[in-house]
Amino acid sequence: MEIDEIDEIDDGEELEHEDTPTIPARTAFRRFWPLTRGLRRWLILVWVCTVLAALAETEAILLFGDLTDHALQKGSLAAFWSPAVKWLGIAVVGALIAYAGNSLAAWATERFVMRLREHVFDHVQQLPPHFFQRHRQGDLLSRLTSDVEAIETMVVSGLVGAASAAFSALFYAAAAFWLRWDLAAATFVLAPLFWLAARRFSGSIKDVSREGRVADGAITSVVEESLGNIVLTQAYDRRDAERRRLSEEANAWFRASVRSTRLNEAYEQLVQVIETVCVLAVIGIGAWEISTGRMTLGQLLAFAAFLGYLYPPVRGLAQLGLTVTAATAGAERLIEILDVRPSVTDPRHGTAPGRPDGTVQVRDVSFRYPGADRTALEGLSFAVSPGELVIVTGPSGAGKSTVSKLLLRFYDPDAGELLLDGVPLRDFPLARLREYVTLLPQETLVLHDTVRANIACGRPGASDQAIEEAARAADAHDFIVRLPDGYDTRVDPNSAWLSGGQLQRLAIARAILRDTPVLVLDEPTTGLDAMAARRVVKPLRRLMTGRTTIMITHDLNLAPDADRILVVDRGRIVETGRHEELLARGGAYARLHRSQNNASMDTAELRLPLFEEEPEPAPVYEYTPGYQQQYGGYDPYAAEATSWPQPVYEAHMSEAHMSVPTTLPDGRPLFRDEEPWPGI
Ligand SMILES: Nc1ncnc2c1ncn2[C@@H]1O[C@H](COP(=O)(O)OP(=O)(O)OP(=O)(O)O)[C@@H](O)[C@H]1O
């Protein structure tokens, strides 16, 4: 079976840990066995080392019997040297072989863990957005970490351990029979007791292990969610509630852990008792045999030693059964994830046309999210020509963001088709499609890396100069150079270094660098205050110039610039036209527009001409009644803007000469990112 085949799936879409399906250990083992490809010859070598080490041990035991009979019982030093030297030689060789075998086993098992983790991680990365919305991240984390390790116990260590233990058990048993078959037969009558004990415990150990793994995932989830919401926790004094949430999950884990230890301990002690019975039986029978002269003391000691060596592998086999059973609980959780299908796949024979011009067509598209009750989009059709700006707006839940998910092919529509330059999106290899369409998502996504790397992730391998140019075009260069290490400052998603507006400009720089013919902007100004929103407008315009842009937004400030506005409601287009036409029509759009209570003010501000305005000195802050007069039109970036070919917004020239203060009356800068970095 090929590695990829372990992804063959039923339609198991949902992943609810409460009802994780139960899978027999054999099925779980078969599922992951293909991942040992390339490692199997090393596993065989590990097994050979174990066998050789067992042979060395056996020889040592026989030498011990020899020493007892000839050197110790007779008190002869001469009889000591030869077996002693042999024993030492065998011990050294055995130790080297055991060392090599164990090191190789560690290497092979860790390779397996790495391979399995990469495999699962790779699979998870292809899963559709709703998978991540519906499942707790902490639980996924725990599946990717501890459950992955559990499978290693089952597949690699379990297999090698079982093979080695089985060989050792057989070998020592054979040696015991060879030494004294009658004594061996008498003691082996008791061997099924080990098996019965293991069988008695295995079911409970699997149950408790499953509970422990679920609780482990839940604890990681609570910690992760709580730390992610730390501001809410602190501001609303939710510490007690969060502690209670953690303690509920921790209690479940505590109970499972204690029960698991108790079960394992009870099993261990039971096995000890069985072993003692076996040893006493050997000593009893041995004493009788010696008294009748049919056995020497050396033979009895050697026999007892064989039994001493025989029990660990027999016990190990039984214990291994329990470990594998417990690990199966982890395998079940991982298989559950692997059984979730990616919602889209690469076409078998994908077309790979050159860079498209950017004509986007959406033809009669309907779509329902997997598991959702109602359709998110219903018979949606529109087209965007190269370089056009189309705004998709509408009430919350109307289906706007769903359009962006279909354009990026996170999902394929249930009916209808989306086309880029006349080619259905399904025919593009995914990676190629996403080279042509850039998404600027609602939330600003920041990598835990330097500012430079964050911009460069738009185009890996971009030169420093290209990165800086993109940052300048996004009006981000100035605040970046004021960061402690400039472009090398490390940022992360919760970075205190950057404001929302700055993060958004970083995202715009990334998109500029990516330079794709089609842009999908999902609420680019959401979450930004009026000032910050205003400052991303120009970078956005630079980004949009010459590209097909589909902007999904509630914010109608840019609506007058749009070539077309689509008003979507309940998954359908209810109105379409230009801003003025739609306003004049007095329908859904006009109502939406009116509902934005500050729309007229911001519209005026946002539609500043970009490079017709004169660069003005920063005006002195002075109170003038009316917001419009205060924040009219001064553009501190005008000088830079001139280097960017931008459309001229003639109709709004009159607003260009209104001024926006950038300093407070005492001379301090008004905007946070105009503040020099402390210490510079
Ligand atoms: N993962 C999902 N599973 C099921 N239904 C979903 C999922 N995501 C969205 N929906 C539903 O699909 C419909 C459209 O959602 P969408 O996110 O496209 O709306 P929207 O117009 O972008 O809303 P908003 O403006 O609030 O972002 C909504 O009814 C929503 O509840």
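In each ligand, atom 1 is the first atom listed, and ligand 1 is the first ligand listed.
- In this structure, atom 31 (O) of ligand 1 has no protein heavy-atom contact shorter than 4.0 Å.
- Electrostatic pairing of Asp412 and Arg426 counts as a salt bridge here, judged by a charged N lying under 4.0 Å from a carboxylate O.
- Donor-acceptor pairing under 3.5 Å is lacking for the side chains of Ser221 and Asp139.
- The protein atom (non-hydrogen) at minimum distance from atom 1 (N) of ligand 1 is Gln133 OE1, 2.7 Å.
- Atom 6 (C) of ligand 1 lies below 4.0 Å from at least one non-hydrogen atom of the protein.
- A salt bridge links Arg542 to Asp475: one of the charged nitrogens lies within less than 4.0 Å of a carboxylate oxygen.
- Under the 3.5 Å distance criterion, with hydrogens and angles disregarded, no donor-acceptor pair is assigned to the side chains of Glu378 and Ser366.
- Counting only heavy atoms of the protein, atom 3 (N) of ligand 1 lies nearest to Arg134 NH2, 3.1 Å.
- Counting only heavy atoms of the protein, atom 25 (O) of ligand 1 lies nearest to Lys400 NZ, 2.8 Å.
- Arg333 pairs with exactly one of Asp339, Asp216, Asp147 by the salt bridge (Lys or Arg N to Asp or Glu O under 4.0 Å) rule, that one being Asp147.
- Of the listed residues (Ser401, Ala398, Ala376), the one carrying the non-hydrogen atom nearest atom 27 (O) of ligand 1 is Ser401.
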Show your reasoning for whether side chain to side chain donor-acceptor pair (under 3.5 Å) applies to Tyr369 and Thr375.
CA-CA 7 Å; Tyr369 283 96; Thr375 49; over 6 Å; no

For a side-chain contact (heavy atoms from CB on, under 4.5 Å) check, start with the C-alpha distance between Ile480 and Ile455, then their side-chain angles and the critical distance, and finish with the verdict.
CA-CA 11 Å; Ile480 294 173; Ile455 298 176; 4.0 Å; yes

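- Counting protein heavy atoms only, atom 13 (C) of ligand 1 is closest to Gly397 O, 3.7 Å.
- Residue Tyr369 holds the heavy atom nearest to atom 2 (C) of ligand 1 of all those in Phe132, Tyr411, Tyr369, Phe367.
- Taking a 4.0 Å cut-off on heavy atoms, Gly394 fails to register as neighbouring ligand 1.
- Those atoms of ligand 1 with a heavy atom of His130 less than 4.0 angstrom away are 1 (N).
- Within the listing of ligand 1, atoms 14 (C), 16 (P), 18 (O), 19 (O), 20 (P), 21 (O) sit less than 4.0 angstrom from a heavy atom of Gly399.
- The residues Arg514 and Glu435 are annotated as not salt-bridged, no charged nitrogen and carboxylate oxygen being separated by less than 4.0 angstrom.
- The nearest protein atom to atom 29 (O) of ligand 1, hydrogens excluded, is given as Arg374 NH2, 3.3 Å; this is a heavy-atom distance.
- By heavy-atom distance, the residue among Thr393, Val403, Asp569, Thr402 lying nearest atom 18 (O) of ligand 1 is Thr402.
- The nearest heavy-atom contact from the protein to atom 26 (O) of ligand 1 is Ser396 OG, 2.5 Å.
- For Glu118 and Arg115, the salt-bridge test fails: no basic side-chain N is under 4.0 Å from an acidic carboxylate O.
- Residue-ligand proximity, Ala372 to ligand 1, at heavy-atom distances under 4.0 Å covers atoms 4 (C), 5 (N).
- The pair Asp569-Arg572 does not meet the salt-bridge criterion, since no charged nitrogen lies less than 4.0 angstrom from a carboxylate oxygen.
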